[in-house]
Number of protein chains: 2
Amino acid sequence: MKLTSKGRYAVMALADLARFNNVNPVSLRDISLRQGISLDYLEQIFSKLRKKEIVQSIRGTQGGYVLNKKAKEIKLTNIFDAVDEKVKTVQCKKESKKGCNGKSTKCLTHNLWDELENHINNFFEEKSLEDLVKNNSEKRV
Amino acid sequence: MKLTSKGRYAVMALADLARFNNVNPVSLRDISLRQGISLDYLEQIFSKLRKKEIVQSIRGTQGGYVLNKKAKEIKLTNIFDAVDEKVKTVQCKKESKKGCNGKSTKCLTHNLWDELENHINNFFEEKSLEDLVKNNSEKRV
DNA sequence: TAGATACTTGACTATTTTAGTCAGGTTTAT
DNA sequence: ATAAACCTGACTAAAATAGTCAAGTATCTA
Ligand code: FES
Ligand code: FES
């Protein structure tokens, strides 16, 4: 199981943004340079973040992005959800009573994968952007 | 983040095996039919499981596979490890002091991904094959 | 008001990974 | 002998990933 770059970059970029989220909007160009992420790719990512109202955009010179909520209120879940990074442990449809591989009932291991999915999602629901930034500045002290 | 079929199948197949692990070895053909997994693919998977001494093979007619340890002693970690299903949340090398994207230090979010990786691995270290089979027969009662 | 900066959008593509298949073995019980 | 079952390695189609590229639009500042 691996985390995709898109998800990782989204969080990295927002952490960067949260850290510089004071007076001025932060341009993607700056984030791109600081975090070493392709500008074009960042644009794709931020387009999604904006649509889910996690960030707000300010166009024109001196423009950029700002957080649309308090860092405390932005959970990793929200970020991953926005960029379609989802945790998926099974192939079988959740709603359907059918199991994987076309079986008529759920397989032996189905519950396990459900548990796993919850276990991982719990982590994402607990962590907020604030935790990230705070944790990091504590370390620096 | 998603779980690959290889990992899922390995656990499914071993759960099946554990359940029928009484007198006779279990043939891959049977597992293939019961679980709806391609026989050829199962062979690849069991080759790895055997090399890591999770199962033992018995060749010839009436042959098949048996568990090489008690179900209680086979953790998901061991299974995933055997089939190279690994949890990977970062690109940067663990040992290296360098960060992702060629930076000279670890990035803002590196600790987070480390935590995530541990969080997931903990789950795999706790669960054993026995849990799986027991859990399931309890449900059946 | 010209120009630069920065956001916006959608299409396109190379690479990698996944999820197998296929072909040809070898071993052993009956 | 023969059939059942394991064993091995090479191959491949399809999907997912990680971007790139092109052509805009909006807004600030000189
Ligand atoms: S994973 Fe859901 S039925 Fe097998
Ligand atoms: S993830 Fe390890 S340095 Fe960025």
Side-chain angles (χ1 to χ4, degrees), chain A residues 1-10 12-13 17 20 23-33 35-52 54-66 68 80 83-91 100-102, chain B residues 1-13 17 20 23-33 35-52 54-66 68 80 83-91 100-101:
Chain A
M1 331 191 55
K2 57 169 99 92
L3 187 68
T4 65
S5 289
K6 190 162 59 176
R8 199 172 341 98
Y9 287 170
M12 278 172 72
L17 207 165
F20 292 90
V23 201
N24 305 311
V26 180
S27 73
L28 292 190
R29 200 174 142 279
D30 285 356
I31 297 180
S32 164
L33 290 173
Q35 306 300 330
I37 304 171
S38 138
L39 178 57
D40 281 322
Y41 204 16
L42 274 178
E43 273 166 354
Q44 276 185 45
I45 291 169
F46 272 77
S47 160
K48 296 184 178 198
L49 292 173
R50 186 174 56 78
K51 278 172 190 153
K52 288 293 172 91
I54 290 173
V55 296
Q56 230 186 347
S57 71
I58 293 159
R59 303 183 71 154
T61 321
Q62 306 290 71
Y65 287 92
V66 290
N68 200 26
F80 282 154
V83 299
D84 310 306
E85 169 88 22
K86 33 185 166 272
V87 178
K88 216 166 165 251
T89 58
V90 294
Q91 292 293 352
C100 47
N101 300 328
Chain B
M1 328 191 58
K2 58 168 96 89
L3 186 67
T4 66
S5 289
K6 190 162 57 174
R8 200 172 341 97
Y9 287 171
V11 177
M12 279 172 70
L17 207 165
F20 291 90
V23 200
N24 305 310
V26 180
S27 74
L28 292 190
R29 200 173 144 278
D30 285 355
I31 297 181
S32 166
L33 290 173
Q35 306 299 329
I37 304 170
S38 140
L39 177 58
D40 282 322
Y41 204 15
L42 275 178
E43 272 168 355
Q44 275 185 46
I45 292 169
F46 272 76
S47 158
K48 296 185 179 200
L49 293 173
R50 186 173 56 78
K51 277 171 191 154
K52 288 295 172 92
I54 291 173
V55 296
Q56 230 186 347
S57 70
I58 292 158
R59 301 184 73 155
T61 321
Q62 304 291 69
Y65 287 92
V66 291
N68 200 26
F80 281 155
V83 300
D84 310 306
E85 169 87 23
K86 33 185 166 271
V87 178
K88 215 167 165 252
T89 59
V90 294
Q91 293 292 351
C100 48
N101 300 327

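In this text, all values refer to a predicted model and were calculated from it rather than measured experimentally.
Closest approach to the Tyr41(B) side chain among dC7(C), dG20(C), dC28(D) is made by dG20(C) (side chain taken as heavy atoms from C-beta onward). Considering only the side chain of Leu28(A), dC7(C) comes nearest among dT20(D), dC7(C), dG20(C). Among the nucleotides dA5(D), dA16(D), dT18(C), the one closest to any side-chain atom of Lys2(B) is dA16(D). Distances from the side chain of Asp40(B) to the nucleotides dA23(C), dC21(D), dA4(C) place dA23(C) closest. Counting only heavy atoms from C-beta on, Gln62(A) has its side chain closest to dT29(D) among dT29(D), dT17(D), dC7(D).
Asp40(B) places none of its side-chain heavy atoms less than 4.5 Å from the side chain of Gln44(B). Side-chain atoms of Met12(A) and Asn101(B), non-hydrogen and from C-beta on, do get closer than 4.5 Å to each other. Looking at Pro25(A) and Tyr65(A), their side chains never come closer than 4.5 Å, going by heavy atoms from C-beta outward. The side-chain heavy atoms of Asp84(A) and Lys48(A), taken from C-beta on, include a pair separated by under 4.5 Å. The side-chain heavy atoms of Phe46(A) and Ile31(A), taken from C-beta on, include a pair separated by under 4.5 Å.
Nearest-nucleotide mapping onto DNA chain D: of Leu39(B) and Gly60(A), the residue sitting toward the 5' end is Leu39(B). Between Gln91(B) and Thr61(B), the residue whose closest nucleotide on DNA chain D is further toward the 5' end is Thr61(B).
Between the side chain of Gln44(B) and the base of dT21(C), at least one donor-acceptor pair of N or O atoms lies under 3.5 Å. Scanning atom types as modelled, no donor and acceptor separated by under 3.5 angstrom connect the side chain of Arg29(A) and the base of dT5(C). Interface remark: the Arg59(A) side chain does not form any donor-acceptor pair with the dT8(C) base, using a distance-only criterion of under 3.5 Å.
As a whole-Å value, the separation of Glu43(A) CD from dG19(D) P is 15 Å. For Ile58(A) and dC28(D), the CD1 to P distance is 9 Å, given to the nearest whole Å. Between the C1' atom of dT5(C) and the OH atom of Tyr65(A) lies a distance of 13 Å, rounded to the nearest Å. If you take NZ of Lys88(A) and C1' of dA19(C), they are 14 Å apart, rounded to a whole angstrom. One can place CE of Met1(A) at 12 Å from P of dT17(D), the figure rounded to the nearest angstrom. The distance between atom CD of Gln56(B) and atom P of dT28(C), rounded to the nearest whole Å, is 13 Å. Between Asn24(A) atom CG and dT27(D) atom P there is a gap of 18 Å when expressed in whole angstrom units. Per the geometry, CG belonging to Asp84(B) stands 13 Å off P belonging to dA19(C), to the nearest Å.
Side-chain atoms of Ser32(A) come within 3.5 Å of backbone N or O of Ile37(A) as a donor-acceptor pair.
Remark: Ser57(A) is in phosphate contact with dT8(C), judged by side-chain N or O atoms under 4.0 Å from OP1 or OP2. Dashed line: the shortest gap from a side-chain N or O of Ser38(B) to OP1 or OP2 of dT21(C) is under 4.0 Å. The side chain of Tyr9(B) places no N or O atom within less than 4.0 Å of a non-bridging phosphate oxygen (OP1 or OP2) of dT18(C).
Between its opening and closing five pairs, the helix from dT1(C)-dA30(D) to dT30(C)-dA1(D) changes axis direction by 10°, a value rounded to 10 degrees.
Between Glu85(B) and Leu3(B) the shortest heavy-atom distance is OE2-CD1, 3.5 Å. Leu28(B) and Leu42(B) get closest at one heavy-atom pair: O-CD1, 3.7 Å. Gly63(B) and Ser27(B) make their closest contact through O-CB, 4.1 Å (heavy atoms, listed as atom of the first residue, atom of the second, distance).
A distance of 7.5 Å separates CZ of Phe80(A) from CE of Met1(B), quoted to the nearest 0.5 Å. Rounded to the nearest 0.5 angstrom, Ile45(B) CD1 and Lys6(B) NZ are separated by 7.5 Å.
Of the residues in residues 45-52 of chain B, none has a non-hydrogen atom less than 4.0 angstrom from any atom of DNA chain C.
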